[in-house]
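Only one structure is covered here, and it is reproduced in the block below.
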Amino acid sequence: MGHRVLVVDDDPTVSDVVRRYLEQVGCEVRLAGDGADGLAAVAAERPDLVVLDLMMPGIDGIEVCRRLRRQLPDLPVIMLTALGEEADRVLGLEVGADDYVTKPFSPRELVLRIRSVLRRVAPAADPPPPAMIRDGGLTLDTARRLADLNGLPLSLTVREFDLLMFLLCHPGRAWSRAELLDRVWGWQFGDQSTVTVHVRRLREKIEADPAEPRRILTVWGVGYRYEVS
């Protein structure tokens with residue numbers, strides 16, 4: 001893949017396994033043993049993606065992700081969480097993680113998730129998006145991956161930008177959560193609450209009243225639809 005990946009985990013065994021698998025596919029890997037070291041490593045040299053353990057002493061993964069999102073909103077983050085801890089997974093998505101993998105995990109699955117998160121282009125079945133997409137006061141610069149609302153910049157994560165761009169490119173059509181997982185995340189299976197969380201966070205950023213959305217609408221029994229203003 002040729003990307004720089006930072007792995008932040010206090011378990012040296014896990015870190016070493018992840019490092020070896022990522023190096024086998026051409027990644028340059030750096031390791032950090034706790035949250036403070038991880039934040040320092042990002043500040044010293046920005047990686048292309050961060051693999052971040054949730055449970056760590058000192059600054060835990062949730063707080064690290066929260067700080068990264070304030071400083072580098074478009075930096076991809078994959079969270080490592082304990083098996084069965086659904087509340088932790090949802091919290092990770094709420095603070096800005098782009099994806100999560102549950103422990104114990106297959107290193108090969110993690111590599112596939114990293115490939116998916118790092119993918120920046122639309123699926124091959126779709127034409128390239130326009131360079132600029134506008135809906136009222138909402139503007140997406142797809143080439144530079146910048147967004148603004150009423151002249152003010154929007155701080156969007158990688159997945160939030162991808163999801164919003166996809167919906168803007170297909171207005172008026174209802175998409176199921178499974179379809180959005182496939183078309184935006186590149187997953188043929190997965191936890192559909194990932195889509196729900198990202199839609200909720202997008203609404204908080206682009207809707208005048210997130211409780212009464214006018215852009216990203218819920219289609220009951222199906223999923224979501226984008227309505228142009």
Side-chain angles (χ1 to χ4, degrees), residues 1-85 88-89 91-121 123 144-145 155-162 181 184-191 194 198:
M1 291 186 289
H3 294 284
R4 297 189 306 274
V5 178
L6 172 65
V7 179
V8 186
D9 197 310
D10 63 322
D11 186 332
T13 301
V14 171
S15 295
D16 186 60
V17 169
V18 172
R19 177 186 58 78
R20 286 189 285 109
Y21 267 82
L22 289 176
E23 287 179 345
Q24 287 175 9
V25 295
C27 289
E28 177 186 334
V29 182
R30 289 183 296 153
L31 304 180
D34 57 38
D37 286 347
L39 290 169
V42 172
E45 182 182 5
R46 174 174 170 157
D48 296 312
L49 180 140
V50 176
V51 176
L52 179 61
D53 186 32
L54 176 68
M55 299 298 295
M56 292 184 294
I59 307 175
D60 64 15
I62 293 296
E63 180 59 24
V64 171
C65 188
R66 188 178 284 119
R67 295 186 191 185
L68 289 176
R69 279 293 161 256
R70 288 198 296 264
Q71 300 166 12
L72 300 166
D74 61 342
L75 175 63
V77 175
I78 293 181
M79 193 81 78
L80 302 180
T81 70
L83 181 63
E85 297 296 330
D88 289 338
R89 296 198 299 271
L91 180 58
L93 294 171
E94 289 280 8
V95 299
D98 297 285
D99 197 358
Y100 66 86
V101 176
T102 55
K103 292 183 176 182
F105 60 87
S106 160
R108 291 180 180 177
E109 178 192 0
L110 178 59
V111 170
L112 291 175
R113 293 295 181 93
I114 289 172
R115 288 183 189 272
S116 176
V117 170
L118 287 171
R119 193 174 57 191
R120 290 294 188 271
V121 298
R144 296 191 297 163
R145 296 185 66 84
S155 178
L156 302 179
T157 68
V158 172
R159 287 303 194 199
E160 288 170 355
F161 190 96
D162 290 343
L181 274 179
V184 178
W185 276 259
W187 303 355
Q188 279 68 52
F189 60 90
D191 186 350
T194 298
H198 279 75

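Computed from heavy atoms alone, side chains included, the values below leave out hydrogens, waters and symmetry copies.
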With Asp99, the side chain to side chain contact (heavy atoms under 4.5 Å, CB included) member among Val158, Ile114, Asp191, Ile78: Ile78

Cys27 side, atom SG; Asp48 side, atom CG - distance, nearest 0.5 Å: 8.5 Å

Electrostatic pair Asp60-Arg66, nearest N-O below 4.0 angstrom: no

Distance in Å, Ile62 CD1 paired with Leu91 CG, rounded so as to fall on 0.5 Å steps: 4.0 Å

Distance (rounded to the nearest 0.5 Å) between Asp10 CG and Asp37 CG: 11.0 Å

Interatomic distance, Asp98 atom CG to Leu93 atom CG [nearest 0.5 angstrom]: 9.0 Å

Heavy-atom pair with the smallest gap, counting every atom of Asp53 and Met55: OD2-O, 2.7 Å

For the student: nearest non-hydrogen atoms of Gly96 and Cys65, plus distance: C-SG, 3.9 Å

Heavy-atom donor-acceptor pair, Arg30 side chain to Ala41 backbone, under 3.5 Å: yes

SB check Glu23 Arg20 (cutoff 4.0 Å): no

Heavy atoms from other residues, nucleotides or ligands near CZ of Arg144 exceed 12 (cutoff 6.0 Å): no

Gap between atom CG of Leu112 and atom CG of Leu110 - 0.5 Å precision: 9.0 Å

Side chains of Leu75 and Val42 in contact at under 4.5 Å (non-hydrogen atoms): yes

Ser155 versus Glu160, closest heavy-atom pair with distance: O-OE1, 3.9 Å

Heavy-atom closest contact (Asp34 atom, Pro57 atom, distance): CB-O, 4.4 Å

Side-chain touch Leu39/Arg67, heavy atoms, less than 4.5 angstrom: yes

Side-chain donor/acceptor of Arg69 to backbone N/O of Leu72, under 3.5 Å: yes

Contact summary for Pro76 and Leu118, nearest pair of heavy atoms: CG-CD2, 4.5 Å

Asp162 with Arg145: basic N within carboxylate O range, under 4.0 Å: yes

Salt-bridge criterion met for Asp11 and Lys103 (N-O under 4.0 Å): no

CA sep, side-chain torsions, deciding dist, call: Val117, Arg159, side-chain contact (heavy atoms from CB on, under 4.5 Å): CA-CA 8 Å; Val117 170; Arg159 287 303 194 199; 3.6 Å; yes

Atom of Val8, atom of Gly38 and distance for their closest heavy-atom approach: CG2-CA, 3.9 Å

CZ on Arg113 to CZ on Phe105, rounded to 0.5 Å: 11.5 Å

